[in-house]
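Worksheet: one structure, shown below.
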Amino acid sequence: DFPSGYTGYHNYAEMVTELNQTVRDHPNLVTLRSIGKSYQNRDLWMIKISDNPSVDEAEPEVLFTCNQHAREHLTVEMCLHIIKRYTDNYASNAAIKGAVDSREIWVIPSVNPDGAEYDIATGSFRAWRKNRQPNSTSTGTDPNRNWGHQWGCCGGSSGSGSSETYRGPSAFSAPEVARVRDFVNGRVVGGVQQIKSHIDWHTFSELILWPYGYTYADTAAGLDATQANVFQTMGRRMASLNGYTPQQASDLYITDGSVDDWMWAAHKIWSYTFEMYPASASGTSGFYPRDTVIAAQTSRNDTAVQLFLDYSDCVPRITGRTC
Ligand code: 0X9
Ligand code: CA
Ligand code: CA
Ligand code: ZN
C-alpha cells in the first residue's frame with residue numbers, strides 16, 4: 001500500500017469505494033460503470049456526471065482520463081477531485097450546476113490500475129510507469145505510446161520490451177488503451193462524435209500540452225493553422241489560470257502513439273495533456289509529492305477545468321469562431 005506520508009492518496013480499492021460513495025450520495029447526478037478490464041482483470045471504472053445521468057441527452061460531452069502512467073498517483077486524486085467538486089457543490093454553486101446541467105462529463109480516474117497497484121504493492125514506491133502486461137523480453141507497455149495515430153512513426157517510443165516507453169507489438173495492444181478507445185469510438189452517435197474535448201492528466205512538470213506530439217511542425221495532416229490556433233489559444237488561456245507552461249506536446253519531446261494525437265486525428269476531440277505538480281524535481285522524486293499537497297495541487301486546476309467545460313460546446317469559440 002502507500003507508505004506513511006502518502007496515506008491521503010487512494011489505492012485502487014479506496015478509489016472504488018469513493019466512486020461507489022459518490023453514487024450513493026448523488027444518485028441523480030452520476031452513474032458508474034466499468035468500460036472493461038485491465039490486463040490483470042481489474043475493472044476500468046468510469047463515472048458520468050450530468051443531470052439525468054442515466055439518459056443520453058443532447059449535451060456536449062467532455063472526457064477526463066487519469067493515471068495512464070502508474071506512478072502518477074496525483075492524477076487519480078485530480079480525477080476524484082473533479083468528481084467531488086462537480087457533485088458535492090452542485091446544489092450550492094450556480095457555475096457548477098450550470099456545467100453539470102449542460103454537459104455530460106465522463107471521468108476515468110485510473111486507466112492503468114494494474115501499474116498503480118504494482119507501484120505501491122511492497123509499501124515502497126517502485127517508480128513503475130507502464131502497465132503490467134508481459135512482452136517478449138520484459139513486462140509492461142507504455143499506454144501513452146500505444147495509441148493508433150502514427151504509432152511508432154517517429155522515434156518517440158521504443159520497440160524494446162524493457163524500455164520505459166515500449167510502444168507494444170501493435171497499436172492498442174494494451175487492453176486498457178483498447179477499452180478507452182472502444183468507449184470513445186462508441187460515442188460516435190448518428191455519425192457525430194459526442195465527446196468534444198478531453199484532458200489526460202499526468203505528472204509532472206506543470207505543463208499544458210496539445211497535439212501533435214509526433215512532429216515538431218505546428219500544422220500537419222488533419223491539423224490546419226486555424227485549428228492549431230484554437231489549441232494554442234485555449235491552452236494559453238487555461239495556463240493563465242493554473243500557472244502551468246503552455247506548449248505543443250513535441251516542444252517537450254517527440255512522442256508517437258500518445259493519446260492526444262489519436263483523440264484529435266481520429267475524432268477531432270480537442271485533447272490536452274496536463275502535467276501536474278511539481279514544476280521540476282530530481283530523478284523520480286517528482287512523481288511522489290507528499291499527500292499534504294493533494295488539496296492545493298488539485299484545486300489549483302479548478303478554474304482551468306471550469307473554463308474548459310464552459311467552452312466544450314464549441315472550443316473554437318475561444319478564438320471568436322462559431323461551430
Ligand atoms: O512521456 C509522456 O507520456 C508524458 N510525460 S510523463 O512524464 N507524464 O510520462 C508527456 C507526453 C507529451 N506528449 C504528448 N502529450 N503527446
Ligand atoms: Ca444531462
Ligand atoms: Ca449525449
Ligand atoms: Zn505520464
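Order of appearance sets the numbers: ligands from 1, and atoms from 1 within every ligand. Side-chain atoms are counted along with the backbone in the values below, which use heavy atoms only and exclude waters and symmetry mates.
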Q. Are S271 and D200 close enough that a side-chain donor and a side-chain acceptor fall under 3.5 Å?
A. no
Q: Inspect the contact between R129 and D142 and indicate whether a charged nitrogen and a carboxylate oxygen are less than 4.0 angstrom apart.
A: yes
Q. Among all residues two or more places apart in sequence or in another chain, which pass the side-chain contact (heavy atoms from CB on, under 4.5 Å) test with D251?
A. Q247, Q248
Q | Atoms of the protein (N/O/S only) found under 3.0 Å from the Ca ion (ligand 3) | A | D56 OD1, E57 O, E61 OE2, E104 OE1
Q | Short side-chain donor-acceptor distance under 3.5 Å, S312 and R103 | A | yes
**Q.** Side chains of D119 and H73, donor plus acceptor under 3.5 Å
**A.** yes
Q) Aromatic rings Y272 and F308: how do their planes relate, parallel, tilted or perpendicular, breaks at 30° and 60°? A) perpendicular
Q | Residues D43 and R179 bridged, charged N to O under 4.0 Å | A | no
Q.
Tell me every residue that passes ring pair (Phe, Tyr, Trp, His ring centres under 6.0 Å) with Y39, counting only those two or more places apart in sequence or in another chain.
A. none
Q.
Here's one to test your reading of the geometry: is the NZ or CZ of R71 within 45 degrees of the ring axis of F125 and under 6.0 Å from its centre?
A. no
Q. Under 2.8 Å from the Zn ion (ligand 4), how many protein N, O or S atoms can be found?
A. 4
Q: May I ask you to check if K268 and W270 form a cation-pi contact, with NZ or CZ under 6.0 angstrom from the six-membered ring centre and within 45° of the axis?
A: no
**Q.** Contact flag S50/the Ca ion (ligand 2), N/O/S atoms, threshold under 3.0 Å
**A.** yes
